[in-house]
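So the structure is just underneath, and the comments pick up after that.
The chains referred to below are lettered A, B, ... by the order of the sequence lines, with proteins before strands, and numbering in each begins at 1. No experiment lies behind these values; they were computed from the predicted model shown.
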Amino acid sequence: MLKALVALIPSVGLVLLLACGGSAEPTVAAPVATSAPAATKIQLKPTKAIEATTAPVKPASSSGILQGVTLAKIDIKDAIIEDGGPMKGTLTIAQHFGLSPKWVDPQDHIEALTMQHYDFLIHDAMFKNMPQGLMTYSLAEHAEVAADWTKAGFRLRPGLKFHDGSPLTTEDVAYTYKNYRGVQAKYFHDILDDSRADGGIEVVDDLTIIYHFNRTVLDFLYSYNGAGTGIGWIVPSDYYEKVGPEGFKKAPIGAGPFKFISQDPGATMEFDAWGDYWRRKPGVAHITVRGIRDGSARLAGLKTGELDLAYGVSTAALLPQVVDDPNLRWDPNFTYPWLLFFPNWEDPASPFNKKEVRQAVSLAINRRFAVETETMGIGIPSGDWTAPIYPDSVELPVPEYNPEKAKQLLADAGYPDGFEIDGLVPFVPYFSQGERYLADLAEIGIRGKLVTMEGPSYRAARGKGRDGYEGNSTILHSISGVPGVATHTIRIFATCDSPSSFICTPEIEELWKKWQSGATWEERNAVSAQLQKIIIENYYAVPIFWNPFVHAIGPRVLPEGDGFHKYWDTDQAPYPYPWEVWEVKP
Amino acid sequence: MGRFIVTRGFQSLITLWLLVTIIFVAVRITGDPADMMAESRGDEAYKAQLRKNWGLDQPLHIQYAKYIFNLLQGDMGHSFEKSLAVRDIYLARLPNSIKLGIAGFLISIVLGIPLGMLSAMKVNTQWDNLGKIFALLGLSVPNFFVGLLLIILFAVGLGWLPAIGKGDSFFDWQHLIMPAFSLGWYFSGSMVRITRSSMLDVLGTEYIKLARLKGLPEWVVMAKHALKNAMIPVLTLAGLNLVIMVNVAIAIEVVFNWPGVGQLLFDGMSNRDFPMVQGIVLMSGVMIVILNFGIDILYAYVDPRIRLAK
Amino acid sequence: MAILAPEASSRPTVSLVGVYTWRFLREAPKIPLTILTVLVVLAVFAPWIAPHDKLKPVKPSAEDCIAWFGIEKCPYIDDRPPFWGKEVRTVSNPLGGIQRIKVKEGRFNVVLGTDYLGRDILSRLIYGARISLMVALTGTLAAGVIGTALGILAGYLGGWWDHIIMRITDAWLTLPTLVFAILLSSIAGPSIKNVIIILAVVFWSRYARLVRGEVLALRERDFIKLSEVTGVSTFRIIFRHLLPNVMNTVMVFFTLIVGVSIIIEANLSFLGVGVPPPEPAWGLMISQERESLMEGKWWLAVFPGICIALLVLSANMFGDWLRVKLDPQLKNR
């Protein structure tokens with residue numbers, strides 16, 4: 001991303017806010033760039049043409065994979081092959097929790113986006129998210145999908161190898177698919193056309209492979225993508241069979257830019273650059289990843305020069321220490337918007353059953369203030385269901401801050417003196433945010449206490465949806481996202497059948513069915529837009545601000561100056577991969 | 001003596017069995033690890049598969065029987081979250097913890113015993129108070145806070161010492177010194193206290209008075225007679241402290257990102273990694289039991305009344 | 001147990017109890033006793049003593065609003081240094097834009113400054129005394145009751161009682177506190193109540209071991225033997241003879257353990273399973289604000305640190321004195 005664009009972000013956010021915000025929002029003597037263009041938010045982090053259907057049709061190459069079949073329009077960007085190098089120096093990275101050996105085995109892929117950090121180091125996928133776009137050719141150089149989305153064929157680049165020198169062929173690709181045990185494994189195995197003798201996976205030759213499905217699988221490219229689930233990352237079949245899942249986790253081999261050297265389970269992992277990587281020689285010779293739970297420890301490590309890159313230094317206390325340090329640079333790394341949910345609001349006895357009350361909550365939250373104090377003004381007040389990084393995300397106005405109106409709405413709804421709630425459950429460990437919102441809510445008479453949880457308990461409770469919370473007047477503070485399209489998060493939190501559902505209304509359910517039966521992405525995205533609008537305009541969820549999950553880097557990372565932002569260019573990536581482009585001072 | 005050892009050994013085994021059982025039940029109350037792992041995106045099929053892989057789909061008594069059976073063969077199971085054998089992960093971390101524990105232990109002794117002796121010899125003087133206050137200060141500040149202050153001062157501020165990790169070589173003292181001090185200072189408090197009181201006990205006895213009457217120099221009385229006899233309770237406590245420092249120095253290990261067993265336990269608890277937690281708790285239990293066993297035998301050897309009484 | 005809380009009733013009366021209390025107090029070390037008394041008074045009368053609320057922000061004046069944010073009427077709150085402090089920062093919106101100077105000066109109405117939500121540190125410390133003392137005292141007291149009861153049972157009844165209780169005690173001693181802490185917080189969610197339960201659950205085994213040893217020694221003494229021979233009931237022996245005699249040891253141990261329990265409370269907060277925010281427990285304040293320490297906002301973590309140190313120091317010194325004071329009685333009896 002261009003630095004200029006980054007610099008525009010706050011001013012644009014402010015302009016948006018001033019444009020949409022209410023009169024109660026005081027004029028702040030905060031920086032207002034006078035020449036701020038009236039940009040839309042989509043431009044803040046430009047999506048790199050993920051609109052699959054609007055992209056130009058890729059002409060089927062002379063040696064088409066799917067013979068005699070009408071092809072769907074797909075848009076996968078071409079890889080950029082370059083010399084790279086110089087393979088010098090060590091990059092030390094601080095992960096913000098304990099490491100797991102499981103992360104090096106994509107066959108056991110878990111839900112957490114963190115695992116992609118390690119996929120991108122050791123392994124390579126058929127296609128994956130890169131700076132060019134969410135779908136960029138990687139091991140595959142060409143793909144074709146039947147117009148009815150029942151077949152998908154891929155052709156590998158010739159001459160691919162794994163770290164141990166063995167060739168990477170379609171046998172490995174087929175093995176990886178069949179043997180996959182990680183998240184959504186059942187779905188992937190169910191969609192294959194079992195009636196065929198080959199079980200639905202047709203290995204045409206060493207370079208060509210075709211998947212046959214027993215149904216229309218419109219989502220296939222999103223799921224098979226490296227950023228999707230984990231099934232896309234190719235493991236060496238012979239080696240995997242030989243050492244087994246446990247042996248593989250101890251000494252994984254892949255086709256990615258870095259070779260796994262050693263690990264101290266949970267504490268450190270060491271990687272060496274692999275000069276034979278097909279796309280380019282890596283920039284650094286060595287990468288060390290450390291699992292460092294404590295924020296102060298990560299910051300101390302950065303300040304003493306023991307670390308070059310640290311994640312999660314975005315809490316209100318740590319961030320100023322990064323920003324003020326002339327030796328450190330940082331990237332805002334916007335992820336998703338913070339949302340407030342109202343578990344069990346459907347209960348007629350719940351105060352949040354009334355739309356006015358939910359609206360009052362939205363009006364009571366001082367988003368500008370939260371952004372200023374929690375993120376030093378880096379975050380961007382948001383009125384959207386999800387981040388503007390998806391092809392189907394919809395941009396909605398930032399809700400105003402108007403406690404007077406909120407009080408009025410509460411009185412209209414029959415709560416002139418406010419009411420007591422079961423509590424506000426803050427996202428771990430962002431307790432201070434929760435406390436601020438409670439303070440805001442107390443101003444309009446909604447009183448309650450902070451219900452803090454221990455991290456895993458929070459995640460488990462949220463995973464159970466409305467059943468995870470007792471009573472009918474809890475407010476849940478949450479942030480969440482899935483690579484792909486915005487509708488994936490709608491499916492998780494806003495459809496009746498999802499185990500993590502907080503929203504279940506006939507209107508949404510009907511649209512959701514329509515989305516599922518949509519034949520094209522154009523049709524689907526239109527429905528998705530409607531869905532997002534309904535959720536936000538009915539205040540089923542209250543967005544607060546677009547969260548910057550700030551990553552900081554030390555002085556050794558090249559290039560000096562502002563050019564380092566390029567590392568965060570990869571589309572829909574929570575971490576700054578691909579790793580082969582990183583360079584440090586030796 | 002032989003019968004005493006057999007009885008104590010048998011008691012130790014029962015203690016360990018109880019410990020294993022308590023922890024086995026306790027971790028299983030904390031929630032379903034499949035829920036944690038799947039979060040919001042995992043479907044039921046995925047969760048069911050995870051539970052099956054981990055053997056959590058079976059009834060509790062079968063899980064328990066299997067666990068005990070495997071344990072008897074020296075197999076502590078596979079970590080849920082880290083996928084590898086608990087024994088391997090634990091043994092990889094243990095040397096780091098032992099290193100930190102021993103360093104902290106030495107610091108607690110070097111600070112604690114001389115100060116305790118000083119306090120006892122100059123009882124009720126300014127020296128006594130000085131010793132007590134220094135030791136009590138260590139007890140009065142949470143050790144993660146001490147650690148953080150040290151990091152701010154010596155690592156970030158002055159740049160003399162590294163802030164995180166254990167360093168590459170085993171003999172790397174620079175990484176060790178701050179966590180060891182934070183740990184040792186805390187435990188030196190109890191060392192000062194017990195050294196002082198057991199020295200006072202010994203100094204009040206007849207044979208010390210006799211030694212003084214004989215006109216022996218004060219330092220000979222101290223070093224040769226008093227110290228030797230006062231050491232048994234001191235070493236008992238020191239041994240127990242050492243086991244604690246090795247096994248549950250969680251906050252210190254987190255602050256300094258020291259890759260020890262304490263962090264592993266914290267990770268394990270946070271991820272509901274049942275086999276990991278069970279393994280670590282069992283191993284620390286084994287250490288304590290062995291230590292107590294050794295101490296008991298030592299006591300019985302020194303004082304025959306004990307073994308007769310039991 | 002009257003001896004335990006002398007600081008709560010420090011006014012001498014004409015009654016005999018009062019005379020003994022007075023004599024006791026006169027001999028007690030002055031400094032620790034004063035500190036403990038002050039802390040207890042603060043804890044008991046917190047709502048009347050604290051200048052501000054423990055949870056509600058002290059809103060900045062118009063003057064402050066201009067200095068901090070450049071506007072007259074601000075809905076914003078922020079932290080603020082103690083009354084002698086002055087913090088000058090150049091604030092720029094970090095992604096570029098106009099710089100302004102943000103001056104934060106201490107004010108006398110919030111003597112020790114405020115935290116990031118504008119809450120008065122002094123008031124929170126005073127309320128914190130209440131929470132921290134309550135947690136430490138109830139937790140260790142409960143542990144003491146359970147542990148003493150089991151210790152006496154094991155020591156006096158002997159045989160299978162002894163075996164069963166002591167094996168459980170031994171196993172319990174080796175269980176890390178963190179395991180209990182996460183166990184409880186995962187069942188019921190973090191709460192003050194949990195921390196009290198955790199302390200009780202963790203410490204009873206130490207009392208039990210101590211008391212059992214004491215009882216084993218007492219059992220061999222003549223006055224117990226005599227009672228047994230003359231057919232005094234077990235119940236009576238335990239309550240009339242054993243309990244009063246182990247009480248001294250238990251009380252000394254209690255004063256020492258109170259200090260440890262405060263530190264444990266802080267450690268649990270550090271690991272995210274202690275007293276939940278926004279309650280102003282000292283251990284929680286120190287662990288929550290540790291990230292601000294490097295930022296130079298030392299007052300947020302250091303003041304609660306001083307409070308903890310004072311409490312632990314005085315409890316320990318008091319305990320030391322108590323031990324010396326009670327020890328000869330034990331031996332002379």
Could you list the residues that satisfy side chain to side chain contact (heavy atoms under 4.5 Å, CB included) with Ile31(C), not counting sequence neighbours? Ile35(C)

What part of Ile152(B) is in contact with chain C, defined as an atom under 4.5 angstrom from a non-hydrogen atom: side chain, backbone, both or neither? side chain

If you count heavy-atom pairs within less than 4.5 Å of chain B, which of Leu310(C), Leu271(C), Ile306(C), Ile308(C) leads? Leu271(C)

I'd like to know which of Ile288(B), Val289(B), Leu19(B), Ile22(B) tops the heavy-atom pair count under 4.5 Å against chain C. Leu19(B)

d(Leu148(B) CG, Glu291(C) CD) to nearest 0.5 Å is 9.0 Å

When only heavy atoms count and the cut-off is under 4.5 Å, which of residues 139-147 of chain B reach chain C? Leu139(B), Ser140(B), Val141(B), Pro142(B), Asn143(B), Phe144(B), Phe145(B)

Relative to chain B, which segment of Ala301(C) carries a heavy atom at a distance below 4.5 Å: side chain, backbone, both, or neither? both

Do Leu136(B) and Val312(C) come within less than 4.5 Å of each other through their side chains, counting heavy atoms only? no

Arg167(C): partners by salt bridge (charged side-chain N to carboxylate O under 4.0 Å, His left out), with sequence neighbours left out: Asp170(C)

By a 4.5 Å heavy-atom criterion (distance strictly below it), what part of Ser287(C) contacts chain B: side chain, backbone, both, or neither? both

Taking only residues two or more places apart in sequence or in another chain, which ones pass side chain to side chain contact (heavy atoms under 4.5 Å, CB included) with Met283(B)? Met76(B), Tyr90(B)

Using a cut-off of under 4.5 Å on heavy-atom pairs, state which of Ala251(B), Gly157(B), Gly285(B) scores highest against chain C. Ala251(B)

I'd like to verify something: which residue of Ile264(C), Ile263(C), Val273(C) has the highest number of heavy-atom pairs under 4.5 Å with chain B? Ile263(C)

Is chain C contacted by the side chain of Arg196(B), its backbone, both, or neither, given a heavy-atom distance below 4.5 Å? neither

Identify which of Leu311(C), Ile262(C), Leu256(C), Thr169(C) forms the greatest number of heavy-atom pairs closer than 4.5 Å to chain B. Leu256(C)

Is Leu216(C) in contact with chain B via its backbone, its side chain, both, or neither, using a 4.5 Å heavy-atom distance? neither

Flag side-chain contact, heavy atom, 4.5 Å: Asn316(C) against Arg193(B): yes

Return the CG to CH2 distance between Leu149(B) and Trp298(C), rounded to the nearest 0.5 Å. 12.5 Å

